[in-house]
Amino acid sequence: MFVPGTNFNAATSLPLATALVAAGYRVLLVDVPGQPGLSSGERAPSGGRLSWYGAWLGEVVEEVSSEPVAVMGHSFGAAVALSANSPLISRLVLVSPGGVTRLRLTPTVLAASAAWFLRPSPTHSARLLRAMLAPDHQPRTYGVRTELVHWLTSSPA
């Protein structure tokens, strides 16, 4: 099961799912409540946010499987995966875990986020991605990051 991070959804995770299926895995993509996608628009209550999301994920796992499941969480999805308490979750894969500690909004991230939110464009989307990448890394002009620039431009939060 794959749990996407903040501002992402199952549809943006299709290239990853396709690669996992090609490698012989069964994959289920979920949309986290309150994030873009086909899930509920409801967000967690202000108190106990991660426990609420963890309970939600545990219910999803138990609804879709009676056998052990590996859960891969990306960004905030990793924090949700860590918070889930289901005996059916046998393995966790945490990719770029976010939400484990409080987000620190630097002026660079805040400026890039505000510009993207006010006027989504390929330039603002690429700038936002650059702000979220590790130092000395740039969004590639090909492959999945180009898809992310396009998706961020056409689907603002």
Side-chain angles (χ1 to χ4, degrees), residues 1-106 109-110 112-114 116-117 120 125 128-135 137 139 143-157:
M1 179 175 293
F2 181 75
V3 185
T6 301
N7 291 334
F8 290 92
N9 61 29
T12 61
S13 307
L14 289 177
L16 171 67
T18 301
L20 290 171
V21 169
Y25 296 97
R26 290 185 315 159
V27 179
L28 177 65
L29 304 170
V30 296
D31 283 331
V32 177
Q35 297 299 319
L38 299 177
S39 189
S40 166
E42 177 184 15
R43 287 191 183 257
S46 57
R49 178 176 157 173
L50 278 176
S51 62
W52 186 90
Y53 281 115
W56 163 81
L57 182 59
E59 290 174 14
V60 170
V61 167
E62 292 174 16
E63 185 69 29
V64 300
S65 182
S66 59
E67 298 178 18
V69 172
V71 175
M72 177 186 289
H74 173 255
S75 185
F76 179 64
V80 172
L82 278 171
S83 300
N85 188 18
S86 169
L88 292 177
I89 298 176
S90 63
R91 285 182 247 154
L92 290 174
V93 179
L94 308 178
V95 181
S96 300
V100 178
T101 62
R102 260 198 184 285
L103 175 65
R104 193 178 127 240
L105 285 177
T106 65
V109 171
L110 191 55
S113 297
W116 170 80
F117 187 76
S125 296
L128 179 59
L129 281 172
R130 276 192 306 275
M132 292 192 280
L133 291 172
H137 287 77
V144 71
R145 289 194 183 131
T146 297
E147 292 171 13
L148 291 177
V149 167
H150 174 73
W151 181 78
L152 281 172
T153 301
S154 61
S155 304

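Quick caveat: nothing in here was measured; it's all calculated off a predicted structure.
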Asker: Supply the atom-to-atom distance Leu28 CG to Leu20 CG, rounded to the nearest 0.5 angstrom.
Answerer: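 These two atoms lie 12.0 Å from each other.
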Asker: Can you tell me how far the CE atom of Met1 sits from the OG atom of Ser65, to the nearest 0.5 Å?
Answerer: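 Those atoms lie 7.5 Å apart.
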Asker: Which distance, rounded to the nearest 0.5 Å, do you find between the CH2 of Trp116 and the OG1 of Thr153?
Answerer: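 Going from the CH2 atom of Trp116 to the OG1 atom of Thr153 covers 9.0 Å.
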Asker: Can you pull the side chain to side chain donor-acceptor pair (under 3.5 Å) pairs that have at least one residue in residues 16-29, sequence neighbours excluded?
Answerer: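 Output for this query is empty, none listed.
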Asker: About how many Å separate CG of Leu14 and CG of Asn9, when rounded to the nearest 0.5 Å?
Answerer: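 The CG atom of Leu14 is 8.5 Å from CG of Asn9, to the nearest 0.5 Å.
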Asker: Please list, chain by chain and in numerical order, all residues satisfying side chain to side chain contact (heavy atoms under 4.5 Å, CB included) with Thr106, sequence neighbours excluded.
Answerer: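 If we apply the side chain to side chain contact (heavy atoms under 4.5 Å, CB included) test to Thr106, skipping adjacent residues, the hits are Arg104, Thr108, Val109.
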Asker: From Phe76 CZ over to Tyr53 OH, what is the distance, rounded to the nearest 0.5 angstrom?
Answerer: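 Going from the CZ atom of Phe76 to the OH atom of Tyr53 covers 5.0 Å.
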Asker: If every non-hydrogen atom of Ser75 is compared with every non-hydrogen atom of Gly5, which pair is closest and at what distance?
Answerer: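 In terms of heavy atoms, the two residues are closest at CB-CA, 3.9 Å.
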Asker: If you measure from CG on Leu16 to CZ on Phe2, what distance do you get to the nearest 0.5 Å?
Answerer: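 If we round to the nearest 0.5 Å, Leu16:CG and Phe2:CZ are 5.0 Å apart.
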Asker: Which residues pass the side chain to side chain contact (heavy atoms under 4.5 Å, CB included) test with Ala17, not counting sequence neighbours?
Answerer: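 Partners of Ala17 by the side chain to side chain contact (heavy atoms under 4.5 Å, CB included) criterion, ordered by chain and then number, come out as Val27, Leu29.
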Asker: Kindly list each side-chain donor-acceptor pair under 3.5 angstrom involving residues 79-86, sequence neighbours excluded, with atom names and distances?
Answerer:
unit_1, atom_1, unit_2, atom_2, d
Ser83, OG, Ala79, O, 2.9
Ser86, OG, Glu62, OE2, 2.9
Ser86, OG, Leu88, N, 3.1

Asker: Identify the heavy atoms of Ala10 and Pro4 that sit nearest to each other, and give their distance.
Answerer: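 Looking at all heavy atoms of both residues, the shortest contact is N-CG, 4.1 Å.
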Asker: Any side-chain heavy-atom pair from Pro33 and Trp56 closer than 4.5 angstrom?
Answerer: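 Sidechains of Trp56 and Pro33: in contact.
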Asker: Applying side-chain hydrogen bond (donor to acceptor under 3.5 Å, both in side chains), can you list everything that pairs with Glu59, at least two apart in sequence or on another chain?
Answerer: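 Once residues adjacent in sequence are excluded, Glu59 has no partner under the side-chain hydrogen bond (donor to acceptor under 3.5 Å, both in side chains) criterion.
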Asker: Can you name the residues that form a side chain to side chain contact (heavy atoms under 4.5 Å, CB included) with Val95, not counting sequence neighbours?
Answerer: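 Result, side chain to side chain contact (heavy atoms under 4.5 Å, CB included) vs Val95: Met72, His74, Val93.
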